[in-house]
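Numbers restart at 1 for each chain; the letters A, B, ... are given by sequence-line order, proteins then strands. Since we're looking at a predicted model, the values are computed, not measured.
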2 protein chains.
Amino acid sequence: MTRWSIGDLAKASGLTVRTLYHYDEIGLVSASERTASGHRRYTPDDVRRLYQVRSLRQLGLSLEEVRSALSRSDSLRPIFEAQLAALTTQVQQVDALRSRIASLLDGHTTESLLSTLEMMSVYESYFTADQLNDLRSRAASMGPEAVEALKASWLELVKEIRQHMADGTPPTDPRVVELSRQWDELGAKFTGGDPGIQAAAQRSWNENKPAISSQIGWPADDGLVDYIGQARAAR
Amino acid sequence: MTRWSIGDLAKASGLTVRTLYHYDEIGLVSASERTASGHRRYTPDDVRRLYQVRSLRQLGLSLEEVRSALSRSDSLRPIFEAQLAALTTQVQQVDALRSRIASLLDGHTTESLLSTLEMMSVYESYFTADQLNDLRSRAASMGPEAVEALKASWLELVKEIRQHMADGTPPTDPRVVELSRQWDELGAKFTGGDPGIQAAAQRSWNENKPAISSQIGWPADDGLVDYIGQARAAR
DNA sequence: CGTAGGACCTCCCGTCACGGGAGGTTCAAG
DNA sequence: CTTGAACCTCCCGTGACGGGAGGTCCTACG
């Protein structure tokens, strides 16, 4: 008839007393007995349940998921499969983000970091409302990690083109022309490859740049787009 | 003198009105002006700051990190480097967890899933307080992803040995003997390779199994450890 | 047998980045 | 002038606890 106090159980399980209180509060693992004065007495069954909970928590399940996993109405397998899928997605997303930051750090000067980010940010949301809706549904269908991959490629491109601008390479240089081609290709992926939309975006940019620049109060780009436009014309 | 209402800015930026309220509340992005009746008027500078915040948030920085990144006292580069390191760690950890669940799903029957987890969980917190401290500091020094990798290997081993038990393979079979060797090798990594600790753990298991089984109220193992012991004896 | 100090109890606020709603005021189009 | 959308502030909720206040209880020691 061994019973455990909450402190002893905490020590044995490696959890904190506060965590055991919490599990009790939400009814996940409670002490089946109390002393006359109200102290919790955990029975062997309680302890066993706690170990089950702990092992499932270590797999990254939420407390609610643990609860339903142990309710035995749902079996473990589909829950694990869902968790596997969720973790797989998470790994892809975080890794995409990671590589984007890595490519940001590798090659951009400290000063250009923020302005590059800013430009991407403005560029992303400067389309008209209709185009934005369109882009967002496309982004949703591509999945966030694909979007991240695109952004990473974009960063690389911006970096290289900026380098050429800084070096004074003329936009008619074959290398820059090639980069402008890649720029359009990437843009095509964002816009879905529809040349109509692409042209509309291009036109919209050209027509609205002054308006946007004055509206938002600072130059919407630093000549990058013009530079690319000149390279495009040289094709 | 363009000014933006909170709703228009929300639409333009793709954030929610509630989010803009929140940024105002914590003083991250506020409207520099108000109308006579108290409605927020965002100036071009406010808008620009919002775009900077948004772009930094997309890199996974917390609002506090964004704030300090924009305070310009700290430069962006070390913040990005820290974020890169954090994301790298996170990817490793989540991926290790992912592969553990994958190996759990691949080869364990639906029924044995929970009992396998339970056994690992009990086994893990089986040692004395001193040994536990020791194990935890070792786990800390190895890093969580290395611990996860060990657990994944352990799962594989348990799976294979269980298979042999189910097939009726005698423990003296060379294949089982080899698996028992791997078992000890893995155990050595957990215990730090110190044969004293290892022997103590082994002794502790043998001596305490009946006591613990009765204490916790269910058989602490299903013969797996005995089976491995017989294989070990056949070496 | 008394006491001291640890262990235990309940209640409550805080975390992080907002979501969502109540209840009231203001704006803009018809 | 009306009406409905937009805006305002205030507040509760999320998940999984951490940490503290203020009080009670247990137990080992003198």
Side-chain angles (χ1 to χ4, degrees), chain A residues 3-42 46 49-50 52-70 79 83 86-87 90 93 97 129, chain B residues 3-42 46 49-50 52-70 83 86-87 90 93-94 97 129:
Chain A
R3 301 294 123 116
W4 303 65
S5 75
I6 196 169
D8 289 347
L9 187 52
K11 262 175 221 148
S13 65
L15 304 172
T16 68
V17 171
R18 186 62 185 78
T19 297
L20 296 183
Y21 280 137
H22 184 60
Y23 290 175
D24 191 359
E25 272 171 33
I26 65 172
L28 184 58
V29 181
S30 308
S32 300
E33 300 176 5
R34 297 275 184 135
T35 66
S37 60
H39 287 195
R40 287 168 178 76
R41 302 280 95 181
Y42 286 88
D46 299 336
R49 185 170 171 91
L50 180 64
Q52 292 176 338
V53 166
R54 198 189 65 162
S55 63
L56 291 172
R57 279 249 64 199
Q58 287 179 338
L59 297 180
L61 300 185
S62 74
L63 294 184
E64 272 318 306
E65 287 167 332
V66 168
R67 189 203 300 279
S68 89
L70 292 180
I79 294 177
Q83 177 70 358
L87 289 178
Q90 198 190 337
Q93 288 182 18
L97 199 55
Chain B
R3 300 295 123 117
W4 303 65
S5 75
I6 195 168
D8 289 347
L9 187 52
K11 262 176 220 146
S13 65
L15 303 173
T16 68
V17 171
R18 187 61 186 80
T19 296
L20 296 182
Y21 280 137
H22 183 61
Y23 289 174
D24 191 359
E25 272 171 31
I26 65 173
L28 183 58
V29 181
S30 308
S32 300
E33 300 176 3
R34 297 274 184 135
T35 66
S37 60
H39 286 195
R40 287 168 178 77
R41 301 280 95 179
Y42 286 87
D46 299 336
R49 185 171 171 89
L50 180 64
Q52 292 176 339
V53 167
R54 200 190 65 162
S55 64
L56 291 172
R57 279 249 63 198
Q58 287 179 339
L59 297 179
L61 299 184
S62 74
L63 294 185
E64 271 318 305
E65 286 167 333
V66 168
R67 187 202 303 279
S68 90
L70 292 180
Q83 177 71 359
L87 289 178
Q90 197 190 336
Q93 288 182 18
V94 176
L97 199 54

Starting at [atom1] of [X] and ending at [atom2] of [N], how long is that distance when rounded to a whole Å?
X	N	atom1	atom2	answer
A/His22	D/dT14	NE2	P	11 Å
B/His39	D/dA5	NE2	P	16 Å
A/Arg34	D/dT24	CZ	P	17 Å
A/Glu25	D/dC17	CD	P	11 Å
B/Arg41	D/dA6	CZ	P	14 Å
A/Ile6	D/dC26	CD1	C1'	16 Å
B/Asp24	D/dC7	CG	P	14 Å

- Task: Would you indicate which nucleotide in D/dA16, D/dG18, D/dC8 comes nearest to any side-chain atom of B/Tyr21?
- Result: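 The nucleotide sitting nearest to the side chain is D/dC8.
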
- Note on the structure: Looking only at D/dC8, D/dA6, D/dG18, the nucleotide nearest the B/Lys11 side chain is D/dA6

Quick check: closest heavy atoms across [X] and [Y], and the distance to 0.1 Å?
X	Y	value
B/Tyr23	B/Leu50	CD1-CD1, 3.9 Å
B/Ser30	B/Asp24	OG-OD1, 3.1 Å
A/Leu59	A/Leu87	O-CD1, 4.4 Å

- Counted 5' to 3', the first and last nucleotides of DNA chain C within 4.0 Å (strictly under) of a heavy-atom of chain B are C/dA17 to C/dC27

- How long is the gap from CG on B/Leu56 to CG on B/Leu70, to the nearest 0.5 Å?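 Rounded to the nearest 0.5 Å, the CG-CG separation comes to 5.5 Å.
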
- Enter the distance from B/Arg41:CZ to B/Ile6:CD1 here, rounded to the nearest 0.5 Å. 10.0 Å

- List in chain and number order the residues that pass side-chain contact (heavy atoms from CB on, under 4.5 Å) with B/Glu65, two or more places apart in sequence or in another chain; answer none if no residue qualifies.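 For B/Glu65, the residues satisfying side-chain contact (heavy atoms from CB on, under 4.5 Å) (neighbours in sequence not counted) are B/Leu61, B/Ser62, B/Gln83.
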
- Message: So, OP1 or OP2 of D/dC7: does either fall under 4.0 Å of a side-chain N or O from B/Ser37?
- Response: no

- Query: D/dC7 phosphate, OP1 or OP2: any side-chain N/O from B/Arg40 under 4.0 angstrom?
  - Reply: no

- Message: If you assign each of B/Tyr23 and B/Thr35 to its closest nucleotide in DNA chain C, which residue comes earlier from the 5' end?
- Response: B/Tyr23

- Message: Against A/Val29, only a single residue in A/Gln52, A/Arg49, A/Arg54, A/Arg67 fulfils side-chain contact (heavy atoms from CB on, under 4.5 Å); can you say which?
- Response: A/Arg49

- Taking for each residue the nucleotide of DNA chain D with the nearest heavy atom, is it B/Arg18 or B/Asp8 whose nucleotide lies nearer the 5' end? B/Asp8

